[in-house]
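Take a look at the structure below.
The figures that follow rest on heavy atoms only: side chains count, while hydrogens, waters and symmetry mates do not.
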Amino acid sequence: MSLRINDIAPDFQADTSKGPISFHDWIGDNYAVLFSHPKNFTPVCTTELGTMAGLAGEFAKRGVRIIGISVDPVESHEKWKGDIRTATGFDVDYPLIGDKDLKVAKLYDMLPAGAGDSSEGRTPADNATVRSVFVIGPDKKIKLVLTYPMTTGRNFDEILRAIDSIQLTAKHQVATPANWKQGEDVIITAAVSNEDAIQRFGSFDTVLPYLRKTKQPTA
């Protein structure tokens, strides 16, 4: 069965470039981003891992832990890190999960059950669907899922923007409109009456009966 928003992110134990982990314990009370790759030493993924390394501080500011996974063993990850540094100028200091038996890829429905049980002999095309991003909350529930084709590098600025929205809307009874960025106006949810909206937000603009906008809450 495919994973959906608000499903509990499947827990697992795995070897990583930072040692063995139990996924839920590793997340702890933080948000987490799990982003997957079809194979090591592939060009688009090399740029993605380096870009994520360069943005590690931005994720840390938001209390978000980052972890990568590739359908290859950990020893191969260590060799790949040198290429990532050469290509992007960044050192990968976050953990990379080794998934040589394909267990995590299957657990997260990125590969079918019949895909076998070894990464040996598999090409990037065989693993083309292992190109997903999962944002997971401290409650271990999935908050966002994005899946990209192999030829399209992921936009990590968009993932940060989405996390900003997810964290803001979890704290306040608001939603964020299309293309919203930090500091811009937000939408008051239907669960908040006009009277409550005045008490909560001070003032708001009624664009439509079901669309009310207000300044982004800061408290």
Side-chain angles (χ1 to χ4, degrees), residues 1-12 21-36 48 51-69 93-95 107-109 131-148 152-219:
M1 177 179 283
S2 61
L3 293 172
R4 298 179 176 89
I5 288 174
N6 287 330
D7 285 349
I8 296 292
D11 196 14
F12 58 85
I21 66 162
S22 178
F23 189 50
H24 281 191
D25 289 344
W26 178 83
I27 294 173
D29 295 327
N30 307 284
Y31 280 82
V33 171
L34 171 68
F35 67 114
S36 63
E48 291 177 331
T51 297
M52 183 62 112
L55 290 170
E58 291 298 320
F59 286 92
K61 284 180 193 174
R62 293 160 171 83
V64 180
R65 306 196 76 183
I66 54 179
I67 189 166
I69 175 174
D93 196 39
Y94 52 84
L107 187 64
Y108 276 74
D109 198 39
R131 288 277 295 155
S132 293
V133 178
F134 298 89
V135 176
I136 300 161
D139 56 3
K140 312 305 182 290
K141 290 184 178 180
I142 294 171
K143 307 300 181 183
L144 175 146
V145 183
L146 295 169
T147 302
Y148 287 71
T152 301
R154 283 169 272 201
N155 185 333
F156 291 99
D157 289 333
E158 164 58 14
I159 293 167
L160 284 168
R161 188 196 75 89
I163 288 169
D164 285 342
S165 173
I166 289 164
Q167 293 182 336
L168 177 70
T169 58
K171 187 174 182 181
H172 303 280
Q173 284 186 294
V174 296
T176 56
N179 296 330
W180 173 87
K181 298 183 183 68
Q182 276 282 17
E184 295 181 348
D185 289 355
V186 298
I187 295 168
I188 301 168
T189 63
V192 180
S193 69
N194 286 343
E195 293 76 15
D196 286 344
I198 291 171
Q199 289 186 345
R200 285 171 178 265
F201 309 114
S203 64
F204 60 89
D205 295 323
T206 302
V207 182
L208 294 165
Y210 55 85
L211 175 55
R212 298 166 296 166
K213 287 190 171 183
T214 190
K215 298 295 183 185
Q216 177 181 328
T218 55

Exercise. Atom CD1 in I8, atom CD1 in I136: separation rounded to 0.5 Å?
Worked result: 10.0 Å
Problem set entry | Contacts of D11 that satisfy salt bridge (Lys or Arg N to Asp or Glu O under 4.0 Å) - sequence neighbours left out | none
For this session: Not counting sequence neighbours, list each pair that qualifies as a salt bridge (Lys or Arg N to Asp or Glu O under 4.0 Å) and has a residue in residues 132-141.
Result: D139-K143
Problem set entry | Geometric class of the Y108/F134 ring pair [parallel <30°, tilted 30-60°, perpendicular >60°] | perpendicular
Acceptor/donor pairs from residues 58-67 side chains to any protein atom, 3.5 angstrom cut, sequence neighbours excluded:
from	atom 1	to	atom 2	distance (Å)
E58	OE1	R62	NH1	3.0
E58	OE2	K61	NZ	3.0
R62	NE	D164	OD1	2.6
R62	NH1	E58	O	2.9
R62	NH2	D164	OD2	3.2
R65	NH1	W26	O	2.5

Exercise. What residues form a ring-ring contact (aromatic ring centres under 6.0 Å, His included) with Y31, not counting sequence neighbours?
Worked result: none
Seminar exercise, completed: Taken in chain and number order and not counting sequence neighbours, the residues that satisfy ring-ring contact (aromatic ring centres under 6.0 Å, His included) with Y148 are none
Problem set entry | Shortest non-hydrogen contact between I27 and N30, atoms and distance | O-ND2, 2.7 Å
Exercise. Looking only at heavy atoms, which two atoms of L168 and P217 are closest? And how far apart?
Worked result: CD1-O, 3.9 Å
Exercise. Which heavy-atom pair separates V33 from M52 by the least distance, and what is that distance?
Worked result: CG1-CE, 4.0 Å
Exercise. Can you name the side chain to side chain contact (heavy atoms under 4.5 Å, CB included) partners of T214, sequence neighbours left out?
Worked result: V186, I188, F201, F204
Exercise. Can you tell me if H172 uses its side chain to pair, donor with acceptor, with the backbone of T218 under 3.5 Å?
Worked result: no
Exercise. Which heavy-atom pair separates L144 from L146 by the least distance, and what is that distance?
Worked result: CD2-CG, 3.5 Å
Problem set entry | Distance in Å, F23 CZ paired with I69 CD1, rounded so as to fall on 0.5 Å steps | 9.0 Å
Exercise. Applying salt bridge (Lys or Arg N to Asp or Glu O under 4.0 Å), which residue pairs with at least one partner in residues 200-215 are found, sequence neighbours left out?
Worked result: D185-K215
Exercise. Is there side-chain contact between D109 and S132, with heavy atoms separated by less than 4.5 Å?
Worked result: no
For this session: Mark yes when over 12 heavy atoms from residues, nucleotides or ligands other than N194 sit less than 6.0 Å from its CG; otherwise mark no.
Result: yes
Problem set entry | Atom pair CD (Q182) and OG (S165), whose distance is rounded to the nearest 0.5 Å | 9.5 Å
Exercise. With sequence neighbours excluded, what pairs up with T51 under the side chain to side chain contact (heavy atoms under 4.5 Å, CB included) test?
Worked result: L55, F156
Seminar exercise, completed: The reported gap from CD1 in I166 to CZ in R161 (rounded to nearest 0.5 angstrom) is 9.5 Å
Seminar exercise, completed: For I5, the side chain to side chain contact (heavy atoms under 4.5 Å, CB included) test, sequence neighbours excluded, returns none
Exercise. What heavy-atom pair brings R154 and S36 nearest, and what distance separates the two atoms?
Worked result: NH2-O, 2.7 Å
Seminar exercise, completed: Across all chains, not counting sequence neighbours, the side-chain hydrogen bond (donor to acceptor under 3.5 Å, both in side chains) partners of S22 are Q13
Problem set entry | Set of side chain to side chain contact (heavy atoms under 4.5 Å, CB included) partners for S203, sequence neighbours left out | none
Seminar exercise, completed: The side-chain hydrogen bond (donor to acceptor under 3.5 Å, both in side chains) partners of T189 (sequence neighbours excluded) come to none
